[in-house]
There are 2 protein chains.
Amino acid sequence: MSRVENGSAARLFAALGDTTRLGLIERLSQRGERSIVQLGDGLPISRQAVAKHLDVLLGAGLVRRTKSGREVLFALQPEVFAEASDWLSKVGSQWEGTLGRFRDFVENQP
Amino acid sequence: MSRVENGSAARLFAALGDTTRLGLIERLSQRGERSIVQLGDGLPISRQAVAKHLDVLLGAGLVRRTKSGREVLFALQPEVFAEASDWLSKVGSQWEGTLGRFRDFVENQP
DNA sequence: CTGATTAGCAACCGGAAGGTTGCATGAAAT
DNA sequence: ATTTCATGCAACCTTCCGGTTGCTAATCAG
């Protein structure tokens, strides 16, 4: 995500910003590739709602979609998680570094 | 974030899921502690809008708030970024592990 | 003191998000 | 051939979100 503009980063984080979707990701992470009904099993929402959530995850690039017969299978796309993770640690540490403190000092001088 | 429930994780990512807020974070990361007007300078939105965004970031624990005279200063809270980063890399790699195990299983079938 | 600057509070608005229901379609099973 | 199962499509509803405006309170500079 280093050279990715803010727009797609925001879409990615927004996709992660929902408890239901985090739950789906957890399931995918533990159980692997699954169909829509399988992913929605036990959840208190309709199948359509699950499908919409998966669509959001797909739009953010967090999952991959495959058709298999009459089913549609979803699986995690781990590289994207790694990129997002990198971006976060970079922003965090950049501000912690000496350079950050130096800039802060200089620019606050009268 | 290891033992943090989905709710606060979702709030955190949701806070990151907006281009304006990502921009504010970038500013804070590069220029350090700043007031509301300073952070909103040059942005095409009202001061109130900026204040609301900062409130969201505060609610997610991504920034810290300090009063100084008539100003209110905001600064990044880097530890939270590190936690979020860890969570992401963990979910990503866990699924890669699952994928590896699945591949083994498949390849060992007669 | 006066005026300018920084911020908070509250009401309001339009659009997007999360959810539902109903109906249609295509593949699997019997 | 019929039935069942997994999805897709579309309309609709309600709540939340990003944004605005107007007004008030506090603090700093002259």
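Hydrogens, waters and symmetry mates are skipped; everything else that's a heavy atom, side chains included, is used.
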Any chance you could lay out the side chain to side chain contact (heavy atoms under 4.5 Å, CB included) test for E33(A) and R64(A), step after step, and finish with the verdict?
CA-CA 9 Å; E33(A) 193 168 51; R64(A) 168 175 47 80; 3.4 Å; yes
Given V37(A) and R47(A), is the side chain to side chain contact (heavy atoms under 4.5 Å, CB included) satisfied, shown in steps?
CA-CA 7 Å; V37(A) 282; R47(A) 171 187 58 88; 4.2 Å; yes
Trace of the side chain to side chain contact (heavy atoms under 4.5 Å, CB included) decision for W87(B) with L22(A)
CA-CA 11 Å; W87(B) 187 88; L22(A) 285 185; 3.5 Å; yes
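The shortest distance between the side-chain N/O atoms of R65(B) and the OP1/OP2 oxygens of dA7(C) is not below 4.0 Å. Listed pair S46(B) / dG19(D) fails the phosphate criterion, with no side-chain N or O lying under 4.0 Å from OP1 or OP2. A sub-4.0 Å separation between OP1 or OP2 of dG18(D) and a side-chain N or O of T20(B) is absent.
Taking 4.5 Å as the limit, every side-chain heavy atom of R34(A) sits out of range of all side-chain heavy atoms of L73(A). Within the 4.5 Å cutoff, the side chain of Q38(B) has no heavy atoms near those of the D41(B) side chain. Put simply, the side chain of L16(A) reaches to within 4.5 Å of the side chain of L88(B), judged on heavy atoms. With contacts defined as side-chain heavy-atom distances shorter than 4.5 Å, the pair L24(A)/V63(A) does not qualify. Looking at heavy atoms from C-beta onward, I45(A) lies in side-chain contact with H53(A) at the 4.5 angstrom threshold. Between L62(B) and L76(B) the shortest side-chain heavy-atom distance does not fall below 4.5 Å. Residues V72(B) and L54(B) are not in side-chain contact: their nearest non-hydrogen atoms beyond the backbone lie 4.5 Å or more apart.
Note: the hydrophobic cluster containing I25(B) also contains L43(B) (ILVMFWY, side chain heavy atoms under 4.5 Å, direct or indirect links).
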Pairs under 3.5 angstrom, nitrogen or oxygen only, protein versus nucleotides 11-15 of chain C, please.
none

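Each of I36(B) and D18(A) was matched to the nucleotide of DNA chain C holding its nearest heavy atom; the match closer to the 5' end belongs to I36(B). Between A51(B) and G17(A), the residue whose closest nucleotide on DNA chain C is further toward the 5' end is A51(B).
Minimum atom distance to the side chain of H53(A) is reached by dG18(C), of the listed dT20(D), dG8(D), dG18(C). Distance from the side chain of V72(B) is smallest to dG8(C) among dA6(D), dG8(C), dG19(D).
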Nucleotide by nucleotide, nucleotides 22-28 of chain D touches protein heavy atoms under 4.0 Å in the pattern (B base, S sugar-phosphate only, - none) B----BB
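Note: CD1 (I45(A)) to C1' (dT21(C)) measures 15 Å, nearest angstrom. We find that CD of Q38(B) is positioned 8 Å from P of dA7(C), with the value rounded to whole Å. In this structure, L58(A) places its CG atom 14 Å from P of dT7(D), rounding to the nearest Å. A straight line from CG of D55(A) to P of dG18(C) spans 12 Å, rounded to a whole angstrom. Here the C1' atom of nucleotide dG8(D) and the CZ atom of F74(A) are 12 Å apart, to the nearest Å. Look at CG on L39(B): it is 13 Å from C1' on dA7(C), rounded to the nearest Å. With rounding to whole Å, L43(A) atom CG is found 11 Å from dT20(C) atom P. Straight-line distance from the CG atom of L73(A) to the P atom of dA6(D): 12 Å, rounded to whole Å.
One N or O on the side chain of R27(A) and one on the backbone of L39(A) form a donor-acceptor pair closer than 3.5 Å.
In the helix from dC1(C)-dG30(D) to dT30(C)-dA1(D), the rotation axis of the first five pairs and that of the last five pairs differ in direction by 30°, rounded to 10 degrees.
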